[in-house]
Amino acid sequence: MTLVRICFSLLVALLCGRLPLVGTEGGDGTASTSTSSPNPDGNHSSNCSSLTVKLEFSTKVVEHEYIVAFNGYFTAKARSHFINSALKSSEALDWRIVPRKNPASDFPSDFEVVQIRQASHSSLLTLEDHPYIKRVTPQRKVFRTLNYTPDLPDPGATCNNDTRWTQKWQSWQSSRPLRRTSLSLAFGFWHATGRHSSRRLLRAIPRHVAQILQADVLWQMGYTGSGVKVAVFDTGLSEKHPHFKNVKERTNWTNEKTLDDGLGHGTFVAGVIASMRECQGFAPDSELHIFRVFTNNQVSYTSWFLDAFNYAILKKIDVLNLSIGGPDFMDHPFVDKVWELTANRVIMVSAIGNDGPLYGTLNNPADQMDVIGVGGIDFEDNIARFSSRGMTTWELPGGYGRVKPDIVTYGSGVRGSGMKEGCRSLSGTSVASPVVAGAVTLLVRILDKNGDHIDVAVSYSPVLWPWAGYLAVSISVAKKAASWEGIAQGHVMVTVASPAGNNSEVGGEMTSTVKLPVKVKIVPTPPRSKRVLWDQYHNLRYPPGYFPRDNLRMKNDPLDWNGDHIHTNFRDMYQHLRSMGYFVEVLGAPITCFDASQYGTFMMVDSEEEYFPEEITKLRRDIDKGLSLIVFSDWYNTSVMRKVKFYDENTRQWWMPDTGGANVPALNDLISVWGMAFSDGLYEGDFTMADHDMYYASGCSIAKFPEDGIVIAKTLKDQGLEVLKQETAVVEGVPILGMYQTPSEGGGRIALYGDSNCIDDSHRQKDCFWLLDALLQYTSYSMTPPSLIHSNSRVTPPTGTDRPLPERLEGNHLYRYSKVLEAHLGDPKPRPLPACPHLSWSKPQPLNETAPSNLWKHQKLLSIDMDKVVLPNVRNYRPQVRPLSPGESGAWDIPGGIMPGRYNQEVGQTIPMFAFLGAMVVLSFFVVQLTKSKNKPKRRKPRVKRPTYLQQQQQQQLAPTGKNPTV
């Protein structure tokens, strides 16, 4: 981990050094999908014909095949014995271990591929019950197809003999977008934000990205990647390719009997990293290890990747480039192996994904903590629109998530090696990934002010292991700085102690110390009315369960996988609230774990989780004491939930939603104490509210509300009827908005709205930020919007007698993924309320006051640390000063006539230094002048004819010496 951090810091400096200069070349960021290109085999053509490469992806589970993961590495004989003993008494009578013939077959492994013809659920459970078997998952087969389609040449374009790949993404074959794909550029992704759109300007930009990023500076210093082992996981490489001189090993992990690249993508990636001629790579002297994991038909299996990863660990690979990705961070065999790779000091570089510009769209494995996730930028140095971004969501709600991608670089029109010879140009995040991998390959070899204003707590699990346990750093403002504003700086030192191994030559425990720089901006504590608390604890998302989208119109994106966080699909809403002066904080613990007296409004948006009974009691007490509540709900209808089920080919099961867009029955339990409830109606439609155009997308209605509350109703379409019977019906007077002042003295206010899509970035059509502002004015300041009080759409609050309230779906499996429910013989019941997080604040230790004030900063690269420069030994002269005696004047007896005072003591100390510097300047001046005079050529003076009497006089004077006169 220390090596990864050091290399990553150096990498940022290298990649950022020249970016602004490239952006001033005058090119735009638009990469044409139709470019001058060679033939698909890599040979250049002589004309200006264009090719568009269309990439199609699909995946399916291999029938009857399962990956059996073990708890350690065992020989083939031991693995066979474990599986045989586990299946001996099961119903699986017809099974066999699938042979794997690859370079890793001769070494111990931690998994096996088993074919079970008569597999049953009980036989799989029997396998998992074995003490040495960790997990059983289906074997997956991935297809990746390249189709070349010719385009008409552009008469205004100039041939430059390069290829630029694009792709048109096809609809996913399954409703569940579970794929791990190559991240090449999709069609139309690269868009410039500037005013220029000339394709010629783009082509005028230099294509040698290694020189653009100043890799040649490191080459001149002797850093060319020598001794660094780089693994390229792709489509292989030809043996006699002229661009590579140090291919250490080529291995084939497919079922084809060839090591050559039949498509050119793997050759291109290897060329960006280590090409030695024409299209120069970053590290031409590095050791290339080529892993062919895709066939010429673009087919791969999970087991191929696992075997190749194990072999990379065995070969002690330093840098590994992987240009595949997908949204499923719970693909356990793959993710576990990624963690194991990074724990074995392999620096993994992976593309972040092509699912932008929406936040929270990171692809796996680039979203992992130890993997360098690479995004793309255009030639104007703007984040490419297609590049995935946001923060990681797999920690939620226990953690807060981390910002990704880790780094961005050029990924459009990058030149690399052709399949046989020559160069070609490709685009996409799969191109940006080897750019970073090449830079990392070059770099592998090569605090304190106001710190007492912050409190720091470090929490960790009892045991820390490279891919197990956790270490968390929590930062809070100290109480004494509640009204202070400024920058607080410092650093946190963490020491991890490990017992020595059995074979360790060093006795005693081993320790590792990490120094984490900290710099935070502190603002005075905002007033309660401006503090909003966002409930993250009760939001669930895919994976692991099937949680459907809030908008049922989005059939191509049916899963709610963006995290429902203020920094992912609610980012625009968060930025709007910040611009309005609100401070939004996130609650990642139960409702019982926050001090309600510090917050004005509690926001619950699109909640899918159940609630502890203690939470319901606590929230009622908090609202009676002045806390206000805003709830944005969504649809919930058990008939529609049964209708939107689908068959998942990965697990070969029917997937039934465990909730709707929101868990309306749980919300009704929470707000029932005030006589409120949502219905199971499902509505959509356009309408106008307070002179604002609105769109209701798959929302529910208010079924019950206090009679002294304010309720707004609109005319909408019955979407539930349309989904169930394909019939259209318009319903008038659908209650969608309610506002209520609780009767207790000093009590808070409650606002309900039946749809969250208008503040969700995922598929928002018309935002309702104005409505959120109005509701916050109501909840925080008790200011009811006049446009809503006097609205013609105001109706009598519903009593809830028209139709029964929604019930939970019978037989749902929400307890499997819930933090609140646990399985029971009958209906699931709540778990015991977990304890609130308790932080033990560390005592700050101030540094020496004479230490420099920039210790919190990272050390500058390729620069001189002035604190370590050895200055000449100058005698520190300080004048002798005696105190005043009674009756003496204020003039001190100081040599040199220096005026008395505190300032003069400092001047007296610095006079020798200034004198030395002045003498050096004068000496340098004379040396320069002397050098110039010696190097200046002498000019011969012309002979002048002197008068005769002067010559005679001069001869008489020189006669005694016998010397001849010279002119």
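Values below: every heavy atom of this structure, side chains too, minus hydrogens, waters and symmetry copies. The structure presented is a predicted model; accordingly, all values stated were derived computationally and were not measured.
Y815 has its side chain out of reach of D658: every pair of non-hydrogen atoms, C-beta onward, lies at least 4.5 Å apart. For the pair P548/D560, no side-chain contact is recorded, criterion being any heavy-atom separation below 4.5 Å from C-beta on. Q777 places none of its side-chain heavy atoms less than 4.5 Å from the side chain of P785. By the 4.5 Å heavy-atom criterion applied to side chains, L396 and M391 are counted as neighbours. In this structure, the side chains of I736 and M689 come closer than 4.5 Å at one or more pairs of heavy atoms. Side-chain contact between L533 and V586 is absent, with no heavy-atom pair separated by less than 4.5 Å. Side-chain contact between V731 and Y683 is present, with at least one heavy-atom pair separated by less than 4.5 Å.
Between the side chain of T392 and the backbone N or O of W394, no donor-acceptor pair lies under 3.5 Å. A side-chain donor-acceptor contact under 3.5 Å links Q536 to the backbone of G563. Panel note: side chain N637, backbone S639; a donor-acceptor pair is recorded below 3.5 Å. The closest donor-acceptor contact from the side chain of T361 to the backbone of L358 lies under 3.5 Å. Of the possible donor and acceptor atoms, none in the side chain of Y817 sits under 3.5 Å from a partner among the backbone N and O of Y546. Listed for the D564 side chain is no donor-acceptor partner under 3.5 Å among the backbone atoms of N539. At least one donor-acceptor pair under 3.5 Å links the side chain of R528 to the backbone N or O of A596. Here the side chain of S388 pairs no donor or acceptor atom with the backbone of L362 at under 3.5 angstrom. A donor-acceptor pair under 3.5 Å is formed between the side chain of T617 and the backbone N or O of P613. Checking side-chain atoms of K618 against main-chain N and O of F594 turns up a donor-acceptor pair under 3.5 Å.
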Counting only pairs under 3.5 Å, give me each side-chain donor-acceptor contact of residues 695-705, with atom names and distances, residues two or more places apart or in other chains.
residue : atom : partner : partner atom : Å
Y695    : OH   : E684    : OE1          : 2.9
Y696    : OH   : C700    : O            : 2.5
S698    : OG   : L552    : N            : 3.0
S698    : OG   : Q719    : OE1          : 2.9
S698    : OG   : Q719    : NE2          : 3.4
S701    : OG   : S679    : OG           : 2.5

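Contact between W674 and L670 at its shortest, heavy atoms only, is CZ3-O, 3.6 Å. Closest heavy-atom contact between I522 and A481: CG2-O, 4.2 Å. The heavy-atom pair separating P806 from D680 by the smallest distance is CB-CB, 3.6 Å. Here the closest heavy-atom approach between residue W635 and residue D550 is recorded as CD1-O, 3.3 Å. Residues D755 and Y753 approach most closely at O-CD2, 3.0 Å, considering heavy atoms. The minimum heavy-atom distance between I566 and Y574, with the atom names listed, is O-CB, 3.4 Å.
With hydrogens and angles left out, the side-chain atoms of N363 and D355 include a donor and acceptor closer than 3.5 Å. Inspection of the S756 and D634 side chains reveals an N or O donor paired with an N or O acceptor under 3.5 Å. A donor and an acceptor atom, one from each side chain of D367 and N364, are located under 3.5 Å apart. Checked by atom type, the side-chain pair Y582/H576 shows no donor-acceptor distance below 3.5 Å. Between the side chains of T779 and T601, at least one donor N or O lies within less than 3.5 Å of an accepting N or O. Checked by atom type, the side-chain pair Y599/E585 shows a donor-acceptor distance below 3.5 Å. No side-chain donor from either of N569 and D761 sits under 3.5 Å from a side-chain acceptor of the other.
Residue pairs meeting the salt bridge (Lys or Arg N to Asp or Glu O under 4.0 Å) criterion with at least one member in residues 568-580, sequence neighbours excluded, are D572-R764.
L619 contributes atom CG, which lies 10.5 Å from atom CD1 of I671 (distance to the nearest 0.5 angstrom). Going from atom CG of L788 over to atom OG of S793 covers 9.5 Å, rounded to the nearest 0.5 Å. Taking CZ of R621 as the start and OG of S744 as the end, the distance is 13.0 Å to the nearest 0.5 Å. Annotation: the span from L627 atom CG to D595 atom CG amounts to 10.0 Å, rounded to 0.5 Å.
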Item to complete: Could you please spell out the steps behind the side chain to side chain contact (heavy atoms under 4.5 Å, CB included) verdict for Q368 and V335?
Response: CA-CA 9 Å; Q368 294 301 300; V335 175; 4.0 Å; yes
Worksheet entry | Derivation of the side chain to side chain contact (heavy atoms under 4.5 Å, CB included) call for F632 and L752 | CA-CA 6 Å; F632 280 82; L752 307 182; over 6 Å; no
Fill in: side chain to side chain contact (heavy atoms under 4.5 Å, CB included) between E608 and H538, intermediate numbers included
CA-CA 6 Å; E608 295 92 358; H538 295 92; over 6 Å; no
Worksheet entry | Chi angles and distances behind the side chain to side chain contact (heavy atoms under 4.5 Å, CB included) call for L737, L771 | CA-CA 10 Å; L737 174 64; L771 177 61; 4.1 Å; yes
Discussion item. Checking N562 against R549 for the side-chain hydrogen bond (donor to acceptor under 3.5 Å, both in side chains) test, could you report, in this order, the C-alpha distance in whole Å, the side-chain angles of both residues, the deciding distance, and whether it holds?
Written reply: CA-CA 10 Å; N562 297 123; R549 275 285 185 204; 2.8 Å; yes
Worksheet item: Should R642 and E810 be marked as a salt bridge (charged side-chain N to carboxylate O under 4.0 Å, His left out) after you check the CA-CA gap, both sets of side-chain angles, and the distance that decides it?
Response: CA-CA 11 Å; R642 294 187 180 95; E810 184 177 355; 5.5 Å; no
Item to complete: Could you go through the salt bridge (charged side-chain N to carboxylate O under 4.0 Å, His left out) check for E609 and K819 one step at a time?
Response: CA-CA 8 Å; E609 181 63 280; K819 301 178 290 295; 3.5 Å; yes
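Salt-bridge formation is not detected for the pair D455/K479: no Lys NZ or Arg NE/NH1/NH2 atom is positioned less than 4.0 Å from an Asp or Glu carboxylate oxygen. The pair K480-D452 counts as a salt bridge, with a side-chain nitrogen and a carboxylate oxygen less than 4.0 angstrom apart. At a threshold of 4.0 Å, the pair R135-D336 counts as salt-bridged, since one of the basic side-chain nitrogens sits closer than that to a carboxylate oxygen. With salt bridges taken as basic N to acidic carboxylate O contacts below 4.0 Å, one links R402 and E395. Under a 4.0 Å N-O distance rule, the pair E610/R808 qualifies as a salt bridge.
Annotation: Y781, atom OH; neighbour count of heavy atoms from other residues, nucleotides and ligands within 6.0 Å is above 12. Heavy atoms from other residues, nucleotides or ligands lying under 6.0 Å from CD of E807 number 12 at most. Heavy atoms from other residues, nucleotides or ligands lying under 6.0 Å from NZ of K766 number more than 12.
Y400 and H565 have perpendicular rings, their planes meeting at more than 60° on a 0 to 90° scale where under 30° would count as parallel.
Aromatic rings of W561 and F547 (six-membered ring for Trp) have centroids beyond the 6.0 Å cut-off, not under it. Two rings, from H567 and Y359, have their centers 6.0 Å or more apart.
Figure legend: K645 and W654 shown as a cation-pi pair, the cationic atom lying under 6.0 angstrom from the six-membered ring centre and within 45 degrees of its axis.
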